[in-house]
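See structure below.
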Amino acid sequence: MALLTPLFALALTVALGVALFVLLEIDPAKALRMFFVEPLKTAQGWSELGVKATPLVLIALGLSVCYRANVWNIGAEGQYIFGAIFASGVSLDANEDTSGAYVIAVLLAGIVGGMLWSAIVAFLRDRFHANEILVSLMLVYVAELFLGYLVYGPWKDPDGFNFPQTITFASGAGLPAMIAGYRVHWGAPLALAVVVLAWSFIFHSFAGYRLQVVGMAPAAARYAGFSARKSLWAALSISGGLAGLAGALEIAGPLDQLTPYVPVGYGFAAIIVAFVGRLHPFGVVFSGLLMSLFYIGGELAQSRLGLPKAMSSVFQGILLFTLLACDTFVNHKLRLIRSAPQRGVTRALEAKGAAQ
Amino acid sequence: VNELGALIAATLNAGTVLALASLGLLINERAGVVNLGAEGIMLISAVTGFATAVRTDSAWTAFAAGALAGAIMSLMFAWLVIWLHANQYAAGLAMSLFGAGVSAFIGVPYTQQKLSLAPVTGIPLLRELPFFGPALFRQHALVYLTVALAFSLSWSLQRSRTGLVLRALGESPESAHALGYPVQRLRLLAVVVGGALCGVAGAYLATIYTPLWVEGMVAGKGFIALALTTFATWRPLRVLLGAYLFGGVTMLQFHLQGLGVQIASQWLSMLPYLVTIFVLVLISQKPGFIRVNMPASLGKVFVPGS
């Protein structure tokens with residue numbers, strides 16, 4: 001039954017989308033084609049699908065583990081930014097003679113960057129009981145500003161006509177092309193490998209089991225001797241590390257330089273991906289692909305129909321809304337009950353109270 | 001001295017945005033509902049308020065439009081969490097993401113527009129006072145109304161029947177239900193009233209405080225307002241004080257730059273977020289302290305008769 005909800009939610013989102021297009025006096029058939037058909041008609045489209053789904057899936061996998069442990073990290077965007085910053089820091093040192101293996105250092109740096117940024121959240125929650133939702137979120141804004149500081153300040157390309165961007169990194173620091181002429185990169189198969197890893201961690205490892213017991217039944221976990229502190233650190237390290245990896249892949253793959261436009265909201269969209277994917281690694285793959293379809297559709301609708309690009313975030317928001325609403329109807333039975341007798345009792349009590 | 005007066009004035013102005021939103025969230029939380037969607041509500045009402053101000057040239061109509069937008073948004077949220085028992089965190093986040101998208105969508109034609117509102121004059125006579133005039137009495141009327149709202153909310157929470165019922169909804173909805181109060185409907189009312197206040201805050205932000213519409217302009221103020229209710233241990237007057245404190249921190253960055261402090265602007269812009277984390281850490285150190293003050297049923301689903 002749990003599998004049905006995302007499908008219901010998607011159907012409802014499409015229905016609401018049609019209503020929205022009619023309201024905006026746009027041919028809904030044409031608009032829907034931009035979102036669900038046009039991106040899949042060309043090889044280039046499929047490649048873009050992979051480019052956008054890679055960070056979404058990676059971040060959402062981490063968040064799925066985190067939310068299963070009942071740790072509410074909603075600052076993945078910040079961890080993604082720090083992954084990109086650390087990866088760029090390492091990439092800056094690469095030159096034309098750097099060997100292709102250097103990219104491994106770049107990706108590892110990204111993981112470390114994301115983990116460090118989420119470790120602040122873990123430390124403040126562990127040591128001072130500070131709410132992780134607010135801390136992780138505030139750190140997103142701090143990370144964005146720090147990124148701005150770097151690209152407008154010390155890391156600015158001296159020959160970049162004063163644009164806020166770093167130099168274009170040497171090819172040794174970047175991922176080699178997977179298929180010549182297409183933007184899809186080795187991050188996509190890597191993400192799929194992480195999907196399998198995450199699946200075996202969640203469902204087939206004792207560590208993953210402990211994490212989820214702590215999340216679902218803290219009292220039982222205490223009784224069994226599972227450490228809530230370890231689970232907190234593990235959950236935040238995993239999600240921070242994966243978000244950092246996503247940021248590093250973005251730098252080493254399609255971007256090759258650091259700019260203020262590196263964060264595009266993948267960290268927030270991945271929250272939706274995780275929920276729509278039911279916090280299940282395989283589900284996350286499908287919801288990640290769906291979500292990246294929304295992104296590409298939004299871009300196509302912008303260039304061909306003149307719709308604002310924000311259309312895709314509107315749809316993403318609606319999808320999460322409908323998912324939450326559908327969950328209730330799928331998990332509960334709808335029953336019509338007469339409330340009259342109950343009201344009568346209340347009235348009688350009230351009358352009694354008034355009499356006294 | 002003039003510099004100090006200007007800083008106080010700017011603090012009042014910035015603090016009002018936070019205070020309004022935070023008082024709204026306080027009403028929500030006293031009724032037992034955490035609304036992580038404040039950010040999205042403020043964004044949507046900011047753009048609604050701005051669009052209304054463009055058409056009507058009236059700040060008050062803009063506030064009303066913002067309040068209405070906030071009320072409608074929080075009605076959706078309330079339906080999800082009160083009747084459909086959705087997780088309050090997830091539903092709130094959905095609101096914030098949805099609000100960010102929708103506001104950017106609606107706001108496209110307004111990004112380059114300017115407003116032609118009547119200039120803010122302040123309180124006649126008092127505004128002519130030396131130092132105190134420019135520091136305190138040249139604000140929009142809503143600034144003073146916000147102060148009044150905080151005081152009356154503080155009084156009514158402690159002294160009035162409405163306040164008592166509101167507290168019962170958050171502390172012990174079972175008791176309120178047993179007394180015959182329609183808990184769900186009253187919670188809905190509290191959420192909508194709180195959302196409307198967040199809406200006014202958003203509209204004030206886009207029409208008086210900035211006066212501009214920029215995508216994502218709320219920039220975390222909704223979440224800071226949420227943190228403020230915790231800092232203030234759910235007491236309206238402390239919320240007011242905290243809001244001015246944070247308003248001051250926000251404004252300090254501009255004044256430090258004005259004084260010629262040599263530091264990259266980004267570091268100063270980080271201040272409000274870092275201070276939020278710092279205060280959160282300070283206040284959370286003793287877990288018992290927050291637990292004692294927090295509404296006992298905060299964030300919990302209530303199903304009547306279960």
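Side chains included, hydrogens not; waters and symmetry mates left out as well; all remaining heavy atoms used.
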Exceeds 12 heavy-atom contacts within 6.0 angstrom, atom CZ of A:Phe128 = yes
So what's closer than 4.5 Å to chain B heavy atoms on [X]: side chain, backbone, both or neither?
| X | result |
| --- | --- |
| A:Leu319 | neither |
| A:Phe275 | side chain |
| A:Ile74 | side chain |
| A:Leu324 | both |

Which class fits the ring pair B:Trp267 and A:Phe146: parallel under 30°, tilted 30 to 60°, perpendicular over 60°?
-> perpendicular
Got a second to check how far [X]'s [atom1] is from [Y]'s [atom2], nearest 0.5 Å?
| X | Y | atom1 | atom2 | value |
| --- | --- | --- | --- | --- |
| B:Leu280 | A:Leu124 | CG | CG | 8.5 Å |
| B:Leu274 | A:Tyr141 | CG | OH | 13.5 Å |
| B:Gln266 | A:Glu144 | CD | CD | 12.0 Å |
| B:Phe278 | A:Met138 | CZ | CE | 16.0 Å |

Could you check A:Ile272 against B:Leu97 for side chain to side chain contact (heavy atoms under 4.5 Å, CB included), going step by step and ending with a plain yes or no?
-> CA-CA 9 Å; A:Ile272 307 177; B:Leu97 297 169; 3.5 Å; yes
Out of [options], return the one with the most heavy atom pairs under 4.5 angstrom to chain B.
| options | value |
| --- | --- |
| A:Leu323, A:Ile271, A:Ile120, A:Ile318 | A:Ile318 |
| A:Gly317, A:Gly265, A:Gly153, A:Pro308 | A:Pro308 |
| A:Asn131, A:Ile133, A:Leu147 | A:Ile133 |

Atom group of [X] that falls short of 4.5 Å from chain A, counting heavy atoms:
| X | answer |
| --- | --- |
| B:Leu36 | side chain |
| B:Val281 | both |
| B:Ala264 | side chain |

Who wins among B:Ala91, B:Ala219, B:Ala100 for the most heavy-atom pairs under 4.5 Å with chain A?
->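 The answer is B:Ala219.
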Looking at B:Ser265, B:Ser269, B:Ala86, which one has more heavy-atom pairs under 4.5 Å with chain A than the rest?
->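 Maximum pair count with chain A is reached by B:Ser269.
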Could you tell me whether the side chain of [Y] reaches within less than 4.5 Å of the side chain of [X], counting heavy atoms only?
| X | Y | value |
| --- | --- | --- |
| B:Ile290 | A:His129 | no |
| B:Thr276 | A:Leu134 | no |
| B:Phe98 | A:Gln316 | no |
| B:Ile277 | A:Leu139 | yes |
| A:Leu24 | B:Phe105 | yes |

Please assess B:Met270 against A:Tyr149 for the test side chain to side chain contact (heavy atoms under 4.5 Å, CB included), listing each intermediate value before the final yes or no.
-> CA-CA 11 Å; B:Met270 282 179 199; A:Tyr149 163 73; 5.5 Å; no
Sort by residue number and list every member of residues 75-85 of chain B having a non-hydrogen atom under 4.5 Å from chain A.
->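 The list, in residue order, reads B:Met76, B:Trp79, B:Leu80, B:Leu84.
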